[in-house]
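The figures that follow rest on heavy atoms only: side chains count, while hydrogens, waters and symmetry mates do not. Throughout, a chain's letter reflects where its sequence line sits, starting with A, and its residues are numbered from 1.
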Amino acid sequence: MQPGRSTARPSGLLVLPSAFFERSADEVARDLLGKVLVRRIGGARHSFAVTETEAYLGPHDLACHSARGRTRRTEVMFGPPGTLYIYLAYGLHLMLNVVTGPEGCAAAVLIRGAGSASGPGRLGRALALAPVLNGKAATPETGLWFEERGFLARRITAAPRIGVGYAGPKWSRRKLRFILRS
DNA sequence: GCAGTGATCATA
DNA sequence: ATGATCACTGCC
């Protein structure tokens, strides 16, 4: 490596801080596209470029889990921005979400796809998600975090969210799902 | 198109 | 204690 090059910049400078997540969920969901999701498993480090996300806006959003109030499961959604919200769907798939907005907003972004993993359940498996990560901060210390690198998200498609028909037409039709088109 | 899967939550 | 409900996937 040549002197003066900054290829070996400390990765701490690339880590998305909690301030990144302290904005509305739809804004964060868009901005997360093209960012890098990093997972440390043992000594190994795996990187995945985020390709698909969904925004859940908070208690007023009837598709959002927090719309059912503060329960054991939704408790972490009321925590600070950048908190991981991980839950088991349909008995076998662990979903990865990040809490957004100022603390107490109970909004979150669901990561639906990253790297070659398409679909939240498959992504959970690719990341070796564990329930113990629920409520932890998205930081290197936790072993699961986001980095700035990645590439510029050029073409973003917005579409209705998946599997939220129970929320009624108003909230299920709203285009809060974001897909990176290459 | 639909079965499998089990935590979670409301109801009692 | 019991039953309905799922922010899904994989196989038909």
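Within residues 88-95 of chain A, the residues that have a heavy atom under 4.0 Å from DNA chain C are, in order of number, A:Tyr90, A:His93, A:Met95. Proximity of residues 160-171 of chain A to DNA chain C (heavy atom under 4.0 angstrom from any strand atom) is restricted to A:Ile162, A:Gly163, A:Val164, A:Tyr166. Near DNA chain B, meaning a heavy atom under 4.0 Å from it, residues 101-135 of chain A has no residue at all.
With A:Phe178 as the partner, the side chain to side chain contact (heavy atoms under 4.5 Å, CB included) test is satisfied by one option alone out of A:Val109, A:Val50, A:Ile156, A:Thr51: A:Ile156.
Note on residues 79-93 of chain A: pairs passing side chain to side chain donor-acceptor pair (under 3.5 Å), not counting sequence neighbours, are A:His65-A:Tyr85. Residue pairs meeting the ring pair (Phe, Tyr, Trp, His ring centres under 6.0 Å) criterion with at least one partner in residues 13-45 of chain A, sequence neighbours excluded, are A:Phe21-A:Phe146. Applying the side chain to side chain donor-acceptor pair (under 3.5 Å) rule to pairs touching residues 30-40 of chain A yields A:Arg23-A:Asp31, sequence neighbours excluded.
The number of heavy atoms from other shown groups lying within 6.0 Å of CZ (A:Arg68) does not exceed 12.
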Below 3.5 Å is the cut-off: list the nitrogen or oxygen pairs between protein and nucleotides 8-12 of chain B, distance only.
from: B:dC9; atom 1: OP1; to: A:Thr71; atom 2: OG1; distance (Å): 2.3
from: B:dC9; atom 1: OP1; to: A:Arg73; atom 2: N; distance (Å): 3.0

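Consecutive Watson-Crick or G-U pairing (both distances under 3.5 Å) extending over three or more pairs maps onto DNA chain C as B:1-4 with C:8-11, B:6-11 with C:1-6.
Remark: A:Ala63 pairs with A:Tyr56, A:Asp61, A:Arg161, A:Val164, A:Tyr166, A:Ala167 by the side-chain contact (heavy atoms from CB on, under 4.5 Å) rule, at least two apart or across chains. Scanning for salt bridge (charged side-chain N to carboxylate O under 4.0 Å, His left out) contacts around A:Glu54 gives A:Arg112, with sequence neighbours left out.
For DNA chain C, the outermost nucleotides in 5' to 3' order that have an atom under 4.0 Å from a heavy atom of chain A are C:dC6 to C:dG10.
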Using distance only, find each side-chain donor-acceptor pair of residues 113-125 of chain A under 3.5 Å and give its atom names and separation, not counting sequence neighbours.
from: A:Arg122; atom 1: NH1; to: A:Ser118; atom 2: O; distance (Å): 2.9

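Closest of all the heavy-atom pairs between A:Leu84 and A:Leu133 is CB-O, 3.7 Å. Taking each heavy atom of A:Cys105 and A:Pro59 in turn, the nearest pair found is O-CD, 3.2 Å.
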